[in-house]
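Here the structure comes first, spelled out in structure tokens, and everything after it is commentary.
Reminder, nothing fancy here: chain letters follow the sequence lines and each chain counts from 1. Computed from a prediction, not measured in an experiment: that's the story for all the values here.
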Amino acid sequence: MDTPGTISCDEELRHWPADEDQARTVQDRLRPYVRLDEPGPEPGFEGTVVGVDVAYDDARNVVAAAAVALDARTRAVVDEATAVGQVSIPYVPGLLAFREIPTVLAALDRLARTPDLVICDGYGVAHPRRFGLASHLGVLTGLPTIGVAKNPFTFRYDPPGPERGATSPLLDGDEEVGRALRTQKGVKPVFVSVGHRVSLDRACAHTLHLAPDYRIPETTRAADALCRRALAGI
DNA sequence: GCGACAG
DNA sequence: ATCTTGTCGC
């Protein structure tokens, strides 16, 4: 059933790392599957953009994930799904994906149709090993993914211009790993990076289109609200 | 060794 | 991420 040269999502979930060293090894093994040569859906495409996010209950070691599908053009919510899981490992910078992905995959599976594009709350290739949450989710699902983070993580940047839509390079040394994108005039930028099968230009264009009124894209806002509600209902 | 560090 | 009151402003 598996195509040679691709990865099996089920297989990866069965071989989930038990400690930090194993997790880093998994990232190094999967990183070559990230595709950076595809432009991805064009801005304004006909289809669905799905936002995913999770919320935690540390006391009970529980994580709730939400996936909300929006019409990519109108941004109207067309579907939503949630899932609940157990937290396996503590948060370690660089290993965020291992806390979120199993439950996020479960939520994505409960959507009525396959997403055309997925927006993650975090980073893609802007990552110490170039394999952040969005890239990891992309490789496991095969779907085009984008990472939109609220903080610059370990990277540096010069502030983009004050106007909505202004960008500046997000740098790891002298390498551009993403962009700071001003989604609202005079408001702190968000940090966009490629996850899988999308160009950086289009990743920024999609992010800007999804944030007409607020700093954070509507996909992430909707998923954030839903996973909090799901967690509260347990 | 020390500090910083997506969510 | 999460813990949390009031407060400034549209």
Side-chain angles (χ1 to χ4, degrees), chain A residues 17 20 23-24 26-27 30-31 34 51-68 82-105 107 118-140 145-157 169-173 175-181 183-196 200 203-204 207 212-217 219-234:
Chain A
E20 295 183 22
R24 292 187 189 91
V26 167
Q27 291 179 330
L30 294 183
R31 182 183 50 221
V34 176
V52 294
D53 194 18
V54 304
Y56 301 98
D57 181 339
D58 287 339
R60 286 184 295 178
N61 219 45
V62 165
V63 54
V68 180
T82 62
V84 177
Q86 299 296 310
V87 185
S88 47
I89 58 174
Y91 170 67
V92 177
L95 301 180
L96 175 66
F98 296 95
R99 273 170 78 78
E100 311 206 338
I101 279 188
T103 315
V104 165
L105 287 173
V118 179
I119 310 294
C120 298
D121 190 18
Y123 278 111
V125 296
H127 177 274
R129 286 168 296 284
R130 300 295 180 267
F131 198 71
L133 170 64
S135 297
H136 201 146
L137 187 64
V139 165
L140 262 53
T145 60
I146 295 170
V148 180
K150 298 182 284 296
N151 298 294
F153 198 16
T154 60
F155 309 109
R156 33 167 247 88
Y157 69 103
L170 185 66
L171 300 171
D172 186 355
E175 179 184 356
E176 183 182 41
V177 293
R179 275 178 207 151
L181 169 65
T183 54
Q184 296 295 318
K185 181 177 182 176
V187 173
K188 174 181 173 176
V190 296
F191 304 90
V192 178
S193 59
V194 167
H196 184 58
L200 184 53
C204 289
T207 301
D213 300 319
Y214 299 96
R215 175 184 177 232
I216 303 299
T219 37
T220 299
R221 284 166 44 81
D224 179 74
L226 181 56
C227 67
R228 287 181 198 234
R229 265 185 280 139
L231 189 63
I234 298 174

* According to a strict under-4.0 Å criterion, is Asn151(A) in side-chain N/O contact with OP1 or OP2 of dG7(B)? ->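 Answer is yes, contact under 4.0 Å.
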
* dA6(B) OP1/OP2 closer than 4.0 Å to side-chain N/O of Lys150(A) ->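 Looking at the OP1 and OP2 atoms of dA6(B), neither is under 4.0 Å from any side-chain N or O of Lys150(A).
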
* **Arg179(A) to Tyr157(A), cation-pi by 6.0 Å centre distance and 45° axis angle** =>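 Judged by the rule (NZ or CZ under 6.0 Å from the ring centre, within 45° of its axis), Arg179(A) is not positioned above Tyr157(A).
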
Grab the [atom1]-[atom2] distance between [X] and [N] for me, whole Å please.
X: Tyr56(A); N: dC3(C); atom1: OH; atom2: P; result: 14 Å
X: Lys188(A); N: dA6(B); atom1: NZ; atom2: C1'; result: 12 Å
X: Arg179(A); N: dA6(B); atom1: CZ; atom2: C1'; result: 19 Å
X: Ile119(A); N: dG7(B); atom1: CD1; atom2: P; result: 15 Å
X: Ile146(A); N: dA6(B); atom1: CD1; atom2: P; result: 21 Å
X: Phe153(A); N: dA1(C); atom1: CZ; atom2: C1'; result: 14 Å
X: Arg99(A); N: dT2(C); atom1: CZ; atom2: C1'; result: 11 Å
X: Phe191(A); N: dG7(B); atom1: CZ; atom2: C1'; result: 15 Å

What's [X] touching, base or sugar-phosphate or nothing? Going by heavy atoms closer than 4.0 Å.
X: Gly94(A); result: base
X: Arg156(A); result: nothing
X: Leu231(A); result: nothing
X: Ala126(A); result: nothing
X: Tyr123(A); result: base

* Non-neighbouring partners of Arg215(A) that pass side-chain hydrogen bond (donor to acceptor under 3.5 Å, both in side chains), sequence neighbours left out ->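 Expected list: none.
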
* Asked: Aromatic ring centroids of Phe191(A) and Phe155(A) under 6.0 Å?
  ->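 No, ring centres 6.0 Å or more apart.
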
* Would you say the ring centroid of His136(A) lies under 6.0 angstrom from that of Phe98(A)? ->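 So the answer is yes for these two rings.
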
* Under 4.0 Å between a Lys/Arg side-chain N and an Asp/Glu carboxylate O for Arg221(A) and Asp224(A)? ->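 Between Asp224(A) and Arg221(A) there is no salt bridge, as every charged N stays at least 4.0 Å from the carboxylate O atoms.
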
* Asked: Do the charged groups of Lys150(A) and Asp121(A) touch, with an N to O distance under 4.0 Å?
  ->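 Yes, Lys150(A) and Asp121(A) are salt-bridged.
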
* To do: Any chance you could encode DNA chain C as dot-bracket? Rule is Watson-Crick or G-U wobble with both distances under 3.5 Å; [ ] for pairs crossing earlier ones, | for another strand.
  => ..........

* Of all the nucleotides listed (dC5(B), dT2(C), dA6(B)), which has the minimum atom distance to the side chain of Ala55(A)? ->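 So the side chain of Ala55(A) is nearest to dT2(C).
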
* Could you walk me through whether Leu95(A) and Arg24(A) pass the side chain to side chain contact (heavy atoms under 4.5 Å, CB included) check? -> CA-CA 8 Å; Leu95(A) 301 180; Arg24(A) 292 187 189 91; 4.0 Å; yes

* Starting from Watson-Crick (N1-N3 plus N6-O4 or O6-N4) and G-U wobble pairs under 3.5 Å, report the runs of at least three that DNA chain B belongs to. =>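 Stem list for DNA chain B: empty.
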
* Asked: Less than 5.5 Å between centroids and less than 30° between ring planes, does Tyr91(A) satisfy that with dG7(B)?
  ->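 Whether judged by distance or by angle, Tyr91(A) passes, so it stacks on the base of dG7(B).
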
* Asked: At what distance, to the nearest 0.5 angstrom, does CG of Leu137(A) lie from SG of Cys120(A)?
  ->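 Leu137(A) CG to Cys120(A) SG: 4.5 Å, rounded to 0.5 Å.
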
* Asked: What do you reckon, is OH of Tyr91(A) surrounded by more than 12 foreign heavy atoms closer than 6.0 Å?
  ->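 Yes, the 6.0 Å shell around OH holds more than 12 heavy atoms from other groups.
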
* Between Glu100(A) and Tyr56(A), a side-chain donor and acceptor under 3.5 Å ->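 Indeed, the side chains of Glu100(A) and Tyr56(A) share at least one donor-acceptor pair under 3.5 Å.
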
